[in-house]
Protein chains: 2
Amino acid sequence: MRDSPVDPAQANETEETNEAATKAAVFCAAERLFALHGFQNVSVRDITADAGVNLASVNYHFGSKDALLFEIFRRRTAELNRERARMLHEANDRHQGNPPVRDILEALFAPPLRWGSPENDRRISIQFIIRSRSEGNEEMREALAKDVSHLARFADALVKARPELARDTVYWRLHFCLGMVHNNRFAEFDRLHVLSDGATREGDTTALLTRMLDFAEAGFQA
Amino acid sequence: MRDSPVDPAQANETEETNEAATKAAVFCAAERLFALHGFQNVSVRDITADAGVNLASVNYHFGSKDALLFEIFRRRTAELNRERARMLHEANDRHQGNPPVRDILEALFAPPLRWGSPENDRRISIQFIIRSRSEGNEEMREALAKDVSHLARFADALVKARPELARDTVYWRLHFCLGMVHNNRFAEFDRLHVLSDGATREGDTTALLTRMLDFAEAGFQA
DNA sequence: CTGGGAGACGAACAGACGTTTGACTCCGAA
DNA sequence: TTCGGAGTCAAACGTCTGTTCGTCTCCCAG
């Protein structure tokens, strides 16, 4: 076992890499199948069959099925958090450390929405993350609970942007905004599509972002 | 098999009923365990052991594990929809068939919030419903997708209350509101509690309802 | 050339799963 | 009293699960 194996995410879909190609194939197949069918509904055999590798590959490269799940989760949440933090940082730079509510919320909404756009390769990743929020095992939920520092930065920025609001009011409204984001699942989009008889298409990501920002920004004005 | 067995929900927790007591016990135990640990993480043996009945009871009284799941789902969603429809009807009566946005949203928010209050027996039921939205099998998701008529009444009322808004705008904002509701899970409350360092307690249901209505009503003003 | 570790592979493991079976008890109707 | 169905029960069924084992191939350092 070498110390720094080929990064599965970087070797994405490029099965030509001469080393650890099977590890990357397992990683990608697992993420996709988990995101589409749920964590418990996908067996190790499903993953290895889809990836075209041997059954024992999962346990050899990742230790266990749960460890594989957690590694996908850890990597993707880290990437999402990094992108959100970067946008929040840019908003701070743009507004001398005191960005308005809309810019803060954009840093929260835009990354998962961009990932979720139909033409984006990360569409699967965001579905995986959302799913891990409800189907994740104890380890994953613990990691989510521990990682409040990431959200705390957004909460602090919002408190600074709306100093007249009580702190707990800001926390609750941030909670509502997160609910808006996490509801962006395939099934929910389908129901909305049926309800509106085809009037609402989720294809236009920037338009959806504007809709969400309009709604949430107004919510913070209350 | 008689035609109208004792209603498990009515025989709730009263194991003294001389007939079909085990069916009610299975129903209650299953709902609680499913809500707490997830659908796939609870086995038929877990349910029957918790209910104190024989292993074969589930298949005898409900046909299969999936059928049991679906029966709990069907009953609870019907109860929730009925309560929401009743509140929307009352709001219509109060305002001559044209209730304001806040009253419509209250009919949407209040029932699940009331159920979710700590002292309420239905706290488990609402967790079950929320869970079924992401963990439900094909049959349950199909039932959710088909039942747009229930949501359509809320959408129509909102369109009537805000005629200056485009229809798809109203649909999207209703979608956002549903996200706010469905995010009210145990795990999410926990994270919010950690984030706010104990400042936000979910105990006061009416206060939470006010917070949600303030936020969502303002969102519809945008 | 040679030895050894990394990795892929088929096969098997032990356990948990949902479901089914057949016998037994009990009670109301004939 | 007798018959039959409803309900409970222990036991077993076959299947699918995650994981492990032993072996084989291949490549590179010695």
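Just so we're clear, the structure is a prediction, and the values are computed from it rather than from any experiment. These numbers come from the heavy atoms of this one structure, side chains and all, not from hydrogens, waters or symmetry mates. Note on naming: letters A, B, ... go to the chains in the order of the sequence lines (proteins, then strands), and numbering restarts at 1 for each one.
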Are A/Asp204 and A/Arg211 within salt-bridge range, i.e. N to O under 4.0 Å? no

Could you tell me how far apart A/Leu68 (CG) and D/dT19 (C1') are, to the nearest whole angstrom? 14 Å

Using atom NE2 of A/His61 as one end and atom C1' of D/dT19 as the other, report the distance to the nearest whole Å. 16 Å

Partners of A/Val148 by side chain to side chain contact (heavy atoms under 4.5 Å, CB included), sequence neighbours excluded? B/Arg191, B/Val194, B/Leu195

Going 5' to 3' through nucleotides 14-28 of chain C, assign each nucleotide B (protein heavy atom under 4.0 Å from a base atom), S (under 4.0 Å only from sugar-phosphate atoms) or - (no protein heavy atom that close). ---BBBB--------

Quick check against the 3.5 Å criterion: does A/His182 have a side-chain atom that pairs as donor or acceptor with the backbone of A/Leu178? yes

Taking only side-chain N and O atoms of B/Ser57, does any of them lie within less than 4.0 angstrom of OP1 or OP2 on D/dG7? no

Expressed as a whole number of angstroms, how long is the span from B/Gln40:CD to D/dG18:P? 12 Å

Pairing of A/Asp147 and A/Arg74 as salt bridge, 4.0 angstrom limit: no

Ion pair check, B/Arg82 and B/Glu79, cut-off under 4.0 Å: no

Does A/Arg185 pair with A/Asp190 as a salt bridge, N-O distance under 4.0 Å? no

Provide, to the nearest angstrom, the distance between the CG atom belonging to B/Asn54 and the C1' atom belonging to D/dT8. 6 Å

